[in-house]
Amino acid sequence: MNAIWLPASLLGGLFQAWRTALQQRLRAELSVSGAGLVRYLYGLPFAAVFAAIWLAIIDAPMPEPTADFWLFAAIGAVTQMAGTILLIMSFGHRGFVVGTAFSKTEAIQVALVTALLFGERLPLLAWLGILIGVAGVLVLALVGQGITLRQVGQSLRHPAALCGLAAGSMFAAAAIAIKFATAELADVDLVGSALVTLVVVMAMQSVLHLAWVIVRDRATLRAIIRSWRTSVQVGLLSALGSGCWYIGFAAAPAALVRIVGQVEVIFTIGFARFYLRDQVRWHEVTGLLLVAAGVILALLAAT
């Protein structure tokens with residue numbers, strides 16, 4: 001396990017939270033689909049530049065993709081987009097909070113799948129950190145809405161919760177597929193394989209999402225072009241965040257990367273407080289402490 005996974009995971013959480021804060025500006029100008037497309041469309045050029053610069057620094061040629069690489073990259077691209085669609089579907093069932101909360105079970109799902117199917121074992125301390133971290137996310141998302149533990153159990157039958165769990169499964173599948181894709185690129189270092197994979201995945205997502213928008217929602221495409229100033233910033237942060245996630249996946253077990261990446265919610269609360277001027281409530285402090293405890297336990301397990 002390469003030590004670079006830790007700063008990559010932490011920075012991935014920071015950039016993702018920063019991007020989310022910026023996307024709040026776009027919601028007044030773009031549809032949900034449009035706000036999602038700018039992540040790929042405006043992020044792709046930055047991802048390509050990052051990959052080209054890194055390959056030049058290490059003086060390495062473009063790695064030759066294998067058939068398995070293309071397969072895993074395609075699975076990663078499609079499952080990540082499917083997860084986003086399922087999450088949006090949960091919002092349609094009037095379950096923004098519930099859907100988002102259950103989608104954050106991704107870290108547990110990644111750990112279970114990699115352990116059962118691929119024999120990737122984590123120390124008991126790491127499992128404890130994952131459970132505590134996810135509990136912290138649930139507290140952040142649900143307690144402020146007056147939802148009790150009993151109601152959380154009952155909500156598992158709600159379409160929003162089912163969509164949220166399915167979204168978490170898709171995000172978990174994407175993380176695993178991307179990890180396998182990076183492993184298929186020979187003759188390049190860990191960072192180079194991650195950045196090249198990012199370019200390919202973002203290109204696939206851009207083509208698929210852009211084709212859908214052109215066929216179904218051309219007005220959104222015009223709005224995306226008009227909002228280029230903010231969209232460029234979102235694209236840059238998306239490329240930086242995803243690049244960090246991909247490096248983390250290439251360097252360490254995906255479950256560890258995801259649980260440490262839960263610091264995203266800490267950064268998100270920070271942006272909400274100081275950037276969007278929201279008030280921090282007691283349950284948010286409790287949730288943040290649980291998330292922080294989960295991250296610390298995961299780090300202790302990895303040392």
Counting only N and O atoms by type, is there a donor-acceptor contact under 3.5 Å from the side chain of [X] to the main-chain atoms of [Y]?
| X | Y | value |
| --- | --- | --- |
| T230 | S227 | no |
| R218 | I214 | yes |
| S242 | A239 | no |
| K179 | G248 | no |

So which residues get pulled into M81's cluster when ILVMFWY side chains under 4.5 Å apart are joined, directly or through others?
Y40, V78, L208
Could you report the tightest heavy-atom contact between [X] and [Y], atom names first, then the distance?
| X | Y | answer |
| --- | --- | --- |
| A181 | A73 | CB-N, 4.0 Å |
| G76 | A177 | N-CB, 3.7 Å |
| L55 | P61 | CD2-O, 4.2 Å |
| I259 | G294 | CG1-O, 4.4 Å |
| I178 | Y246 | CD1-OH, 3.3 Å |
| P63 | A186 | CB-O, 3.6 Å |

side-chain contact (heavy atoms from CB on, under 4.5 Å), that's the test. Do L221 and L210 meet it? Break it down for me.
CA-CA 8 Å; L221 186 58; L210 186 59; 3.7 Å; yes
Does the side chain of [Y] come within less than 4.5 Å of [X]'s, by heavy atoms?
| X | Y | value |
| --- | --- | --- |
| L112 | W127 | yes |
| W245 | V257 | yes |
| W70 | M204 | yes |
| I176 | T79 | no |
| M170 | L86 | yes |
| F69 | T182 | no |
| V188 | V196 | no |
| F180 | I75 | no |

W212 and H209 aromatic ring geometry - parallel, tilted or perpendicular at 30°/60° bounds
perpendicular
Take atom CG of D68 as the centre, draw a 6.0 Å sphere, and report whether it contains more than 12 heavy atoms from other residues, nucleotides or ligands.
yes
As an exercise, state the distance from [atom1] of [X] to [atom2] of [Y], rounded to the nearest 0.5 Å.
| X | Y | atom1 | atom2 | value |
| --- | --- | --- | --- | --- |
| Y42 | W228 | OH | CH2 | 8.5 Å |
| L240 | L11 | CG | CG | 9.0 Å |
| L14 | S9 | CG | OG | 12.5 Å |
| L41 | S206 | CG | OG | 5.5 Å |
| F46 | M202 | CZ | CE | 10.5 Å |
| I4 | D189 | CD1 | CG | 8.5 Å |

Please list, chain by chain and in numerical order, all residues satisfying side chain to side chain donor-acceptor pair (under 3.5 Å) with S169, sequence neighbours excluded.
Q109
The test is side-chain contact (heavy atoms from CB on, under 4.5 Å); show your working for I224 and T220 and say whether it passes.
CA-CA 6 Å; I224 287 172; T220 289; 3.9 Å; yes
Under a single-linkage definition using a 4.5 Å side-chain heavy-atom cutoff for Ile, Leu, Val, Met, Phe, Trp and Tyr, are V113 and F171 assigned to the same hydrophobic cluster?
no
Would M62 end up clustered with I58 when hydrophobic side chains under 4.5 Å apart are linked, directly or stepwise?
yes
